[in-house]
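Worth knowing before you read on, the calculation uses all heavy atoms, side chains too, and leaves out hydrogens, waters and symmetry mates. So you know, we letter chains A, B, ... as the sequences are listed, proteins then strands, and number each from 1.
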Amino acid sequence: MEHIRTPKVENVRLVDRVSSKKATLGTLYLTATHVIFVENAPDTRKETWILHSQISTIEKQATTATGCPLLIRCKNFQIIQLVIPQERDCHDVYISLIRLARPVKYEELYCFSFNPKLDKEEREQGWMLIDLDEEYKRMGLPNNYWQLSDVNRDYRVCDSYPTEVYVPKSATAHIIVGSSKFRSRRRFPALSYYYKDNHASICRSSQPLSGFSARCLEDEQMLQAIRKANPGSDFIYVVDTRPKLNAMANRAAGKGYENEDNYSNIKFQFIGIENIHVMRSSLQKMLEVCELKSPSMSNFLWGLENSGWLRHIKAIMDAGIFIAKAVSEEGASVLVHCSDGWDRTAQVCSVASLLLDPHYRTLKGFMVLIEKDWISFGHKFNHRYGNLDGDPKEISPVIDQFIECVWQLMEQFPCAFEFNERFLIHIQHHIYSCQFGNFLCNSQKERQELKIQERTYSLWSHLWKNRADYLNPLFRTDHGQTQESFHLPTAPCNFMYKFWSGMYNRFEKGMQPRQSVTDYLMAVKEESQQLEEELEALEERLEKIQKVQLNGTKVKSKQSEPSKYSGFSTSDNSLANTPQDYSGNMKSFPSRSPSQGDEDSALILTQDNLKSSDPDLSVNSDQESGVEDLSCRSPSGGERAPSEDSEATSQRPYEPTTSLIPKYNIVQSVG
Amino acid sequence: MEFAELIKTPRVDNVVLHRPFYPAVEGTLCLTGHHLILSSRQDSTEELWLLHSNIDAIDKRFVGSLGTIIIKCKDFRIIQLDIPGMEECLNIASSIEALSTLDSVTLMYPFFYRPMFEVIEDGWHSFLPEQEFELYSSATSEWRLSYVNKEFAVCPSYPPIVIVPKSIDDDALRKVATFRHGGRFPVLSYYHKKNGMVIMRCGQPLTGTSGRRCKEDEKLINATLRAGKRGYVIDTRSLHVAQQARAKGGGFEQEAHYPQWRRIHKSIERYHILQESLIKLMEACNDQTHNMDRWLSKLEASNWLTHIKEILTTACLAAQCIDREGASVLVHGTEGTDSTLQVTSLAQIILEPRSRTIRGFEALIEREWLQAGHPFLQRCAQSAYCNSKQKWEAPVFLLFLDCVWQILRQFPCSFEFNEHFLIMLFEHAYASQFGTFLGNSESERCKLKLQQKTMSLWSWVNRPCELSKFTNPLFEANNLVIWPSVAPQSLQLWEGLFLRWNRSSKYLDEAYEEMVNIIDYNKELQAKVNLLRRQLAELETEDGLCESP
């Protein structure tokens, strides 16, 4: 709390991003974990909650006559523009937020104060939901070729690896340790995924310290052991996910890549995925495009192309496809690495696993996948997502890209995934929110030292509890596309890579489809379930009555109830069909901050208003706006205040100039 | 003329057909007057029947004596035929070329087609102007049907029956016609029952450089305004283009002469610019290289989505004037047969729930495109692969369908029809066994006696077995105005159409099937529950009856 210079500022305006003329007046609160904006409007008192950990940048803009503007960009792609009347208040808020958004100790993060009111047992069970031991068993391990090694007990060999890893049976501790000394940060080759069907495997490591000519017998033996663990193939692929030039440059620093001459029976392959710095700047460029105010189609497409973002997504996907094909079609094992083996390697291994194994396309399986390839193998969440104040050059949207790859696949294979888009968006949100302990720190070792499991809650159990929200109604376990590994084309015209506006523009709801097929179908399915139950009950009753009649006894029965179910579609309809609002009622998004409703008593203003702790706006905001009737009620009638008229056109005006009537000023000069 | 003269080689054996996503098929190639047919001897393999009129362009090449013909279709499909024998191949190629570019409309397939289905409802009479007008006349008495054009003498591109303000007589209409491009005087396009505002459309006023006026025109247009109300003229051309049109005798409404009207200029592209855009778009879609940047840059360079955005924006603006501003709208560009119709018909999709139903949408196409005189024959003569590049070819109707798809994507539960319906309309506009899209106007269709000599597309579509394919399982009647987003982030390439021959639709089809299953299952349960409830209720009343005495 000592960082909060001013806990409350009144008469602050929240400026609408779409039309800068419109703003809502309210009060700004700073708490230990959130920025909260509460609208003055007495009937709504709408609240916008922003977690400090979501804040990416804060920008103080030039003071104007109306006050001092403050622009807050969030890591979940929300953008908030505030205008604070007094320069001094603005400065105080600015200085406070700068500090609050960059905690220096883990203990300052939200997960250490977040309390979902679960008892100790529930918390422990939550952490046990995802169990990697089980997962390796599911893969069919251990077996004749692979065994669990405790060589990294107490993180003795590699401090960014898990303590338990699967290695080929023939790889002795001596070989592993020897190999680890020949690999960056001692990240020796270890199993990521085992493909039961043909014994091929995906292994991961960091780059070898080969320099221009160095060799390591144990490392060569290690790769040999991986090859021998797959009796079906006489070679293994070694995939270096870096561009060749980058890998070659590393040789000068004593690192580099495997020399095919030194290793027996390897096929070496470069796959050019760019490094974290290129990716950071690519996302930056794409977000600038998303932020453009009424861009033309060309501006947008040109900006999208220029950002290179989709090219990078495709590169990651192509790498995953290459590996999945090597494993499933050629039956060859693959060793994947990049430089340190914790960014590109994690992306590529997890994409390949997802392509190969339908289990990872289920809700739980996807959690397992992130746990396995990202959390346990030391993806540096803290550095990459800037949870604690650190080197800004370490920040990069590595897992965001993986999540987008999954979304791109979902678009092409609509029945293949058990979960829906919302699930991905919420995971992305929580990677940055630090509300749960799962993604804290840079490695298992650090998490253990911090006693994360004793002090914080697990996101997985939270998501699992709310899984009804995350289900894909089209998922069918018996479908071809859910059963097999995918076979994907790679040309853009065959596999359409699309801009993901549901993620990057998700707080601008007007841009999203106005009716959700997913929600609609889920409602239908839910109704069907109720109907099934009713059907059963009715059949039972019918049977009873018929029996009774047969027996000649007279029994009075209750009047049958009127149908309860006639209403789902209409209510659903009125919700979903809310017209894109030109009268300005829904303008105040971001209406519900994602972190709203974390029932955290420490900082609650109006606790009763809080509904869900999920980073989702789409669920509630239509109800809140209640605008669907308004917009269609006799517009020529006198019900609308005149001011609404001008708002109507400024919302997202089709005519970019200005309002239509009554000013008549849009007309270009006449003749 | 006999087709036989054009068919130099009617039949070639051992021809191999290559199509994306299908195994190659070997079989016998036959040419008939209207079809290219390839049938394999195996019963299991389906035959290929391709209308010659669907062929947009062909390429041929030879390796030794093996000839290859690459056929590029107007529906964007590209197929390849390997034909043994150079002479056969050349003969086939030249026959196809001749048969796919017949000069005379009356030689086209619709005049020869004999339907193999039972006609339940004759589509030629499904959407009569009188019936359509009845929908309005219950709500307003300010409009009337005029038969002034019954001999097509006043306006050759208008239908015989049009809707005009009641207070304007036919003589005045004749005078106004002389003041409007192509004789296209202002007529009613849409009446917004909620507030009585209207959309009218017409050709540009022929003001010329001298600033000609026409009192009757001013009177007609003002007659559509209610007391104290103002209206908007939406000119689909930029101010610059509109000003240039004056030199050629055209022009726009001078503010001074139409003081109750405000003009808004938008710029929707026309003619070859659109055609080139389509050509470039398909080039991008057929680019098999694996380069992301190249794909995006080609997509951008095609400008297709720019046109979509511009058209949609203008339509939304018109709808906004009507519904939000409570102001009537007059739409025109130059001729009033292209961008004008895109705008008026899309505005109705936004405003009018009926036009989002299957029949309503058919009625809209009948009214706003066919009757309104969109020159289908000229515009759809060639498609994305043609080399001829005639000035009058342009994918105006396709752009309209794409815009409808964009709205459908944003409001997936508000349309009674699905994407397949739109694709079917696209196909039939370019090549069809039905007469519906033949000719450039009602008058041409009358002269061709299409009603007597050909079958209407609607006769075929509106049978239950066809309709079921085109019905959107998610449809829930939605009586609201639907406002689409026109932000670039919200507009997408219509993959289902433009990429459909380049990728397998297997997984998307499965998803569609699954969607249908979910909803059918729900309906089935509902029916069962209702039945049981009734049975129970009956049993219980019987019970009660027995008990009562």
Side-chain angles (χ1 to χ4, degrees), chain A residues 295 297-298 300-302 304-305 310-311 314 412-415 474 476 481 490-494 496 501 505 510-511 513-515 517 520-521 524-525 527-528 531 534-535 538 541-542 545 554 557 560 569 573 576-577 579-580 582 632 634-636 648 654-655 660-661 664 666-668 670-671, chain B residues 194-195 239 254-255 262-265 285 287-288 290 292-293 295-297 299-300 305-306 309 313 316-317 320 323-327 410-413 474 476 478 480-483 485 487-490 495 499 502-503 507 510-511 514 518-519 521-522 525 528-529 532-533 536-537 539-540 547:
Chain A
M297 203 72 220
S298 291
F300 177 74
L301 287 176
W302 188 85
L304 187 61
E305 179 200 338
L310 287 175
R311 186 182 67 221
K314 183 176 183 303
Q412 306 292 324
F413 300 90
C415 300
L474 297 175
R476 263 183 53 181
Q481 44 182 313
T490 50
C493 74
N494 307 131
M496 256 287 273
S501 98
N505 281 111
M511 285 183 191
R514 307 295 295 164
Q515 296 174 319
V517 174
Y520 181 87
L521 289 176
V524 171
K525 278 187 118 169
E527 195 208 40
S528 294
L531 283 169
E534 191 186 349
L535 196 64
L538 284 172
R541 237 166 77 193
L542 198 66
I545 289 180
K554 288 163 190 168
S557 64
S560 72
S569 43
N573 203 20
N577 288 0
Q580 183 174 19
Y582 298 97
C632 282
S634 64
S636 59
Y654 294 118
E655 173 64 35
L660 295 168
I661 292 180
Y664 287 98
I666 40 173
V667 183
Q668 297 182 20
V670 177
Chain B
K194 208 159 75 182
N195 60 7
L239 180 63
Q254 296 284 342
E255 202 92 333
R262 291 294 175 265
R263 232 176 45 245
I264 304 169
H265 288 277
C285 292
D287 184 344
Q288 298 289 340
H290 295 196
M292 195 65 192
D293 288 352
W295 157 252
L296 282 173
S297 114
L299 181 63
E300 191 260 316
L305 288 168
T306 302
K309 180 166 155 54
T313 304
C316 289
L317 175 72
Q320 200 174 5
D323 190 69
R324 290 313 176 96
E325 306 293 336
Q410 295 187 27
F411 294 88
C413 308
L474 300 173
E476 290 279 333
N478 170 7
L480 305 176
V481 176
I482 54 175
W483 299 105
S485 163
Q489 289 96 322
S490 311
E495 293 170 65
L499 297 179
N502 281 326
R503 55 147 207 216
Y507 300 111
E510 270 177 22
E514 184 57 28
I518 290 173
I519 286 167
Y521 179 60
N522 180 274
L525 280 174
K528 273 190 194 158
V529 164
L532 277 187
R533 280 206 199 116
L536 262 174
L539 279 174
E540 280 160 354
E547 209 175 3

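By the 4.5 Å heavy-atom criterion applied to side chains, B:Leu499 and A:Met496 are counted as neighbours. Inter-residue side-chain proximity for B:Ile518 and A:Tyr520 is flagged as unmet; no heavy-atom pair is nearer than 4.5 Å.
Contact annotation for A:Ser501: only side-chain heavy atoms (C-beta onward) come within less than 4.5 Å of a heavy atom of chain B. Using a 4.5 Å cut-off between heavy atoms, B:Lys309 contacts chain A through its side chain alone, with no backbone atom that close. Heavy-atom distances place the side chain of B:Glu495, and not its backbone, under 4.5 Å from chain A.
Proximity of a side-chain donor or acceptor of B:Ser490 to a complementary backbone N or O of A:Met511 within less than 3.5 Å is detected.
Taking CZ of A:Arg541 as the start and CZ of B:Arg533 as the end, the distance is 9.5 Å to the nearest 0.5 Å. Separating the CG atom in A:Leu535 from the CG atom in B:Leu525 is a distance of 6.5 Å, to the nearest 0.5 Å. Rounded to the nearest 0.5 angstrom, A:Phe300 CZ and B:Leu296 CG are separated by 9.5 Å. Remark: A:Leu304 CG to B:Met292 CE distance equals 7.5 Å, nearest 0.5 Å.
Taking all atoms of both residues into account, the shortest heavy-atom contact from B:Ala511 to A:Cys415 is CA-SG, 3.4 Å. Residues B:Tyr507 and A:Pro414 share a closest heavy-atom pair of O-CD, 3.8 Å. Residues A:Leu474 and B:Glu514 share a closest heavy-atom pair of O-CG, 3.6 Å. A pairwise comparison of heavy atoms in B:Asp293 and A:Arg311 identifies OD2-NH1, 2.5 Å as the closest pair.
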